[in-house]
Structures are given as structure tokens and as C-alpha cells.
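Some notes on the structure that comes next.
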Amino acid sequence: MIKQLFNVNVIAAVAIFVSSARASWTVTNLHPAGALESRAYAAYDTQQAGWASPNSCFCFSRAVVWNGSAASWVDLHPAVADDSQILNASDTQQVGSVLAGMGTFFASVWNGSAASWVSLHPAGSTDSFALATSGSQQVGTANFGPESRASLWSGSAASWVDLNPDGTFYGEARDISGTHQVGWVATDGGSHASLWSGSAASWVDLHPASAFSSQALGVSGTQQVGWAEIGAVKRAGLWSGSAASWVDLHPTGATSSQANDTSGTEQVGFVVVGGVTRASLWSGNAASWVDLSACLGGSWQDTQALSVWTDGTTTRVAGYGFNNVTQRTEAIMWTLTNGGPIPQCGGPPPPPPCPGDYNDDNGIDLLDLLAFNSDWSANLGTAVTPGTNGDYDVSGIVDLLDLLAFNGDWSSNLGQACP
């Protein structure tokens with residue numbers, strides 16, 4: 001009852017604020033001046049990371065980080081390297097690969113400068129790549145002759161841990177969150193999406209029952225994302241810890257799709273429609289698909305979204321696209337501000353079919369207020385499936401913003417019947 005009274009009392013004070021706080025997308029081209037090509041692979045808080053080719057040919061790339069603009073780029077290329085790339089980042093740490101001496105790729109970790117570079121290359125490996133970091137641990141893959149091994153490190157080459165379970169000969173660990181790692185393993189058949197907790201013995205097979213092949217590419221909290229090949233079609237999907245939990249994100253009309261990363265509430269990757277690869281974002285289901293390529297001005301061909309970060313109010317997505325005007329691949333960052341429902345590119349979010357009709361009975365009355373209060377008070381402060389259990393603004397978190405958004409709609413339409 002106290003929460004219900006609070007709802008009524010704040011209506012007048014917040015209605016104007018709620019109606020004006022619309023989420024909106026902006027796009028930043030991170031391509032450094034003079035570079036021949038660039039790609040952003042990671043977004044974390046205010047930092048983006050990837051690589052650029054500021055040289056005289058496409059043969060060489062240099063690991064770089066940005067802080068929100070093309071001009072902010074910092075070169076992390078080690079002095080010993082012929083080629084370097086950052087493939088992921090977390091907090092102040094970056095990971096990727098360095099090509100040096102005799103054509104060997106070395107799994108690598110940086111902490112914000114070229115001088116901080118450390119090789120993670122395991123003894124006996126022919127090539128190795130670091131693909132993600134939690135800030136204290138790193139994951140990736142190491143090749144030993146014809147075999148590739150899903151790999152885990154803790155900051156040094158000597159700390160290398162082989163995550164491949166017995167009977168598998170190929171594998172990659174693609175992302176890490178807390179104590180969990182995701183990736184894939186295979187024998188001589190299709191790959192299986194995989195989840196680990198620090199050791200080969202902890203391996204969990206995420207492979208959907210109907211799939212030929214599958215790979216997990218991103219993880220955050222209890223959510224994993226990637227793809228599964230079903231009926232000869234690659235389909236973006238997400239899991240919550242088991243093969244049976246797989247959710248198909250593949251939009252209607254797409255010929256292929258893949259989810260590359262998750263923030264825990266939002267997923268990013270690509271969707272192929274009409275032969276064009278489109279950077280994409282989802283919020284837990286296929287119907288939530290947002291075509292991020294539609295946000296871009298000018299003329300672009302294929303685009304990719306590779307990384308997503310959010311603090312609940314601001315969402316940043318890192319990726320790249322081929323610019324038809326400049327005829328080169330350029331690093332891109334998409335930014336969504338103000339939280340709330342995620343809009344399609346090119347316009348504000350569509351209003352609910354009947355704003356304030358929380359219980360879907362085609363009318364807006366006291367029953368809607370009671371139903372919302374029950375869900376909101378029971379789940380306040382928790383993460384939920386976006387749009388459920390009191391998450392009125394579809395952010396994935398039940399908080400004060402849901403209360404404000406619901407009150408704005410309910411008070412404006414109280415007593416009305418829905419069409």
C-alpha cells in the first residue's frame with residue numbers, strides 16, 4: 001500500500017520528465033585520419049578497441065584503443081611486432097594477437113600502452129590468439145600442430161589452461177564473464193557451443209538438440225550468445241546455461257544471423273537480409289531485432305556489431321562497416337542514450353498498443369495500477385526478461401525508471417478504453 005501511495009504522489013512531478021526522456025541512437029565513425037582500414041572489436045564503458053591500418057598497404061594492422069572519437073586513437077603496436085590486433089577489452093585491459101618473428105601469432109595482453117604488451121603464447125604452440133578478457137583472466141585458442149585448444153590464461157604464458165574436454169581436438173574459448181567461459185569444441189564433425197567454469201572437467205555442452213553445428217561467442221552473467229545451424233541455416237541464439245535453454249533470435253526474412261556478444265540484457269551481432277550483412281541488436285527474442293545499419297548516414301554495404309556494453313542508461317556497440325563512399329572498412333560505434341525502450345534506427349520508439357493497460361484487459365483502470373505494483377514491488381532491483389515482471393521500460397532491470405514510465409502512461413490514459 002505504501003508503494004501504491006508513492007506511485008500516485010509522484011505522478012504529477014514526473015509525468016513531464018517521463019514523456020520527454022526518449023531513447024535515441026547516435027553513430028560515431030572511429031576511423032583514424034589517414035588510415036586505410038579500421039575495425040572496432042570491443043566497447044567497454046568509454047573505451048573502444050580494435051585495429052587500424054595507418055600504413056602504406058593493407059598488409060599491416062596496428063592495435064589501437066579509442067575514447068569516443070576518431071581523433072582519440074592510441075597506438076598499442078609493440079616494437080617487436082609486424083602486425084597487431086586487439087580483439088576484445090575489459091576495464092583497462094586489452095587482448096588480441098601479435099604477429100612477430102617467423103610468422104608466428106602470439107596471444108597478447110595489454111594494459112593501455114604499447115609498452116605494457118605481454119605475450120601469452122604457450123610453450124610448444126605454433127600460433128595462439130587471445131579473444132577476450134575479464135581484466136584478470138584471458139581466453140582464446142592455441143594451436144598445437146593440427147589441433148586447436150580452447151585456452152584460459154591468468155596474465156602469463158605459464159598460466160595457460162587447456163579447456164578442451166577429452167575426445168575433442170579443436171576448440172576456441174571466445175569470451176569470459178566472472179568464472180564462466182564460452183566457446184566451442186569439436187572432434188571431426190560439427191562444432192558444439194560450450195560453457196566452462198575454469199577447467200576442461202567443467203565443460204557443459206550447449207549444443208541444441210536439433211542443430212548440426214553451434215558456437216557460443218559471448219557471455220555476460222548467466223546469459224550466453226552465439227549461433228546454431230538448424231536446417232542448413234545459421235541462426236543467432238542465446239542460452240542461459242544449458243542446451244535446452246536455447247532461444248532462437250533469427251528474424252523473419254533473414255537468410256543467416258549470428259549473435260557475437262551480450263551485455264546480459266542486450267545482444268549484438270549480424271543479420272543477412274537481401275544478401276547484405278546488417279549490424280544488429282536484440283533484447284532477448286527475434287521480434288526485438290533492431291537493424292543498426294539503418295542508423296548510418298551515407299552509403300554503406302556490409303556492417304557488423306561485435307561488442308555491447310551498457311550501464312542501464314547508456315548502451316555502446318562497437319563494430320565496423322564497408323563505406324561505399326570511401327571504399328574502405330571503417331570502425332563504428334553506436335550509442336543509445338536515455339535508457340527506456342530500444343528504438344529502431346531512424347525514429348523514436350513506438351508507443352505500446354495501449355499505454356498504461358498493464359493487465360491487457362483493453363481498459364486503463366485501478367486494476368492496471370494494482371497489477372503493476374504487484375510485479376514491480378516483488379522484483380524491484382532485479383534483472384528480468386526485458387518487458388516482464390514490472391520491467392515496464394523494457395530495460396531488463398526493474399527499477400525506479402519503470403515506476404516513472406508506467407505512472408506517466410497510466411495517469412495520462414486513466415479511464416480510457418483501448419481500441
Side-chain angles (χ1 to χ4, degrees), residues 1-24 45 177-178 219-225 238-241 245 247 249 262-268 281-290 308-316 336-343 348-361 364-414:
M1 178 59 71
I2 291 174
K3 286 191 174 77
Q4 293 170 8
L5 290 174
F6 175 69
N7 284 355
V8 175
N9 288 336
V10 299
I11 287 173
V14 303
I16 295 175
F17 168 79
V18 171
S19 63
S20 63
R22 307 300 294 269
S24 58
D45 200 358
S177 176
V219 60
S220 180
T222 60
Q223 187 174 97
Q224 307 86 41
V225 297
L238 65 90
W239 298 264
S240 52
S245 67
V247 175
L249 297 179
T262 175
S263 66
T265 56
E266 300 157 358
Q267 307 82 40
V268 297
L281 180 142
W282 297 266
S283 299
N285 56 60
S288 67
W289 175 56
V290 174
V308 59
W309 171 90
T310 186
D311 62 3
T313 300
T314 300
T315 296
R316 294 189 178 93
L336 179 68
T337 56
N338 292 334
I342 296 175
C354 191
D357 181 24
Y358 188 79
N359 63 1
D360 295 321
D361 66 353
I364 301 170
D365 52 27
L366 183 59
L367 294 178
D368 296 295
L369 179 63
L370 297 177
F372 172 78
N373 272 326
S374 177
D375 285 348
W376 184 81
S377 59
N379 296 285
L380 181 59
T382 63
V384 297
T385 301
T388 67
N389 300 301
D391 178 30
Y392 191 76
D393 63 6
V394 200
S395 67
I397 300 292
V398 179
D399 55 20
L400 182 60
L401 295 177
D402 298 298
L403 176 68
L404 302 181
F406 174 75
N407 276 329
D409 285 343
W410 183 81
S411 60
S412 298
N413 298 289
L414 181 61

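Just so you know, these numbers use all the heavy atoms, side chains as well, and skip hydrogens, waters and symmetry mates. The structure displayed is predicted, hence computed values, not measured ones. Positions are given from 1, in the same order as the sequence printed here.
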Query raised in the report: What pairs with Gln224 under side chain to side chain donor-acceptor pair (under 3.5 Å), at least two apart in sequence or on another chain?
Result: none
Report task. Keeping the roles fixed (side chain from Trp410, backbone from Asp365), state whether a donor-acceptor pair exists under 3.5 Å. Result -> yes
Query raised in the report: Taking only residues two or more places apart in sequence, or in another chain, which ones meet Trp289 in a side chain to side chain donor-acceptor pair (under 3.5 Å)?
Result: Ser280
Query raised in the report: Does Thr310 have any side chain to side chain donor-acceptor pair (under 3.5 Å) partners at least two apart in sequence or in another chain, and if so, which?
Result: Thr315
Query raised in the report: How many angstroms lie between CD1 in Ile342 and OG1 in Thr265, if you round to the nearest 0.5 Å?
Result: 7.0 Å
Query raised in the report: Do side-chain atoms of Trp376 reach the backbone of Asn389 as a donor and acceptor pair under 3.5 angstrom?
Result: no
**Report entry** Asn359: side chain to side chain donor-acceptor pair (under 3.5 Å) partners, not counting sequence neighbours
**Finding:** Asp361
Requested in this report: Could you tell me the separation between the CG atom of Leu404 and the CG atom of Asp409, rounded to the nearest 0.5 Å?
Outcome: 11.5 Å
Query raised in the report: Pro343 versus Leu336: any side-chain heavy-atom pair under 4.5 Å?
Result: yes
Report summary line: Separation between CG (Asp402) and CG (Asp391), nearest 0.5 Å, reads 5.0 Å
Query - Where Ser220 and Ser177 come nearest, the two heavy atoms and their spacing - result: CA-OG, 3.6 Å
Report task. Hey, could you give me the CG/CD1 distance between Leu380 and Ile397, rounded to the nearest 0.5 Å? Result -> 10.5 Å
Query - Leu403 CG to Asn373 CG distance, which is reported to the nearest 0.5 Å - result: 7.5 Å
Query raised in the report: Is there a side-chain contact between Tyr358 and Tyr392, using heavy atoms and a 4.5 Å cut-off?
Result: yes
Query raised in the report: What is the minimum heavy-atom distance between Asn379 and Asp375, and which atoms define it?
Result: ND2-O, 2.8 Å
**Report entry** Gap separating the OG atom of Ser263 from the CZ atom of Arg316, nearest 0.5 angstrom
**Finding:** 13.0 Å
Query raised in the report: Relative to each other, are the rings of Phe372 and Phe406 parallel, tilted or perpendicular (30° and 60° limits)?
Result: parallel
Report task. Not counting sequence neighbours, which residues clear side-chain contact (heavy atoms from CB on, under 4.5 Å) with Ser245? List them please. Result -> Trp239, Ser240, Ser242
Query raised in the report: Do the side chains of Leu238 and Thr262 get nearer than 4.5 Å, heavy atoms only?
Result: no
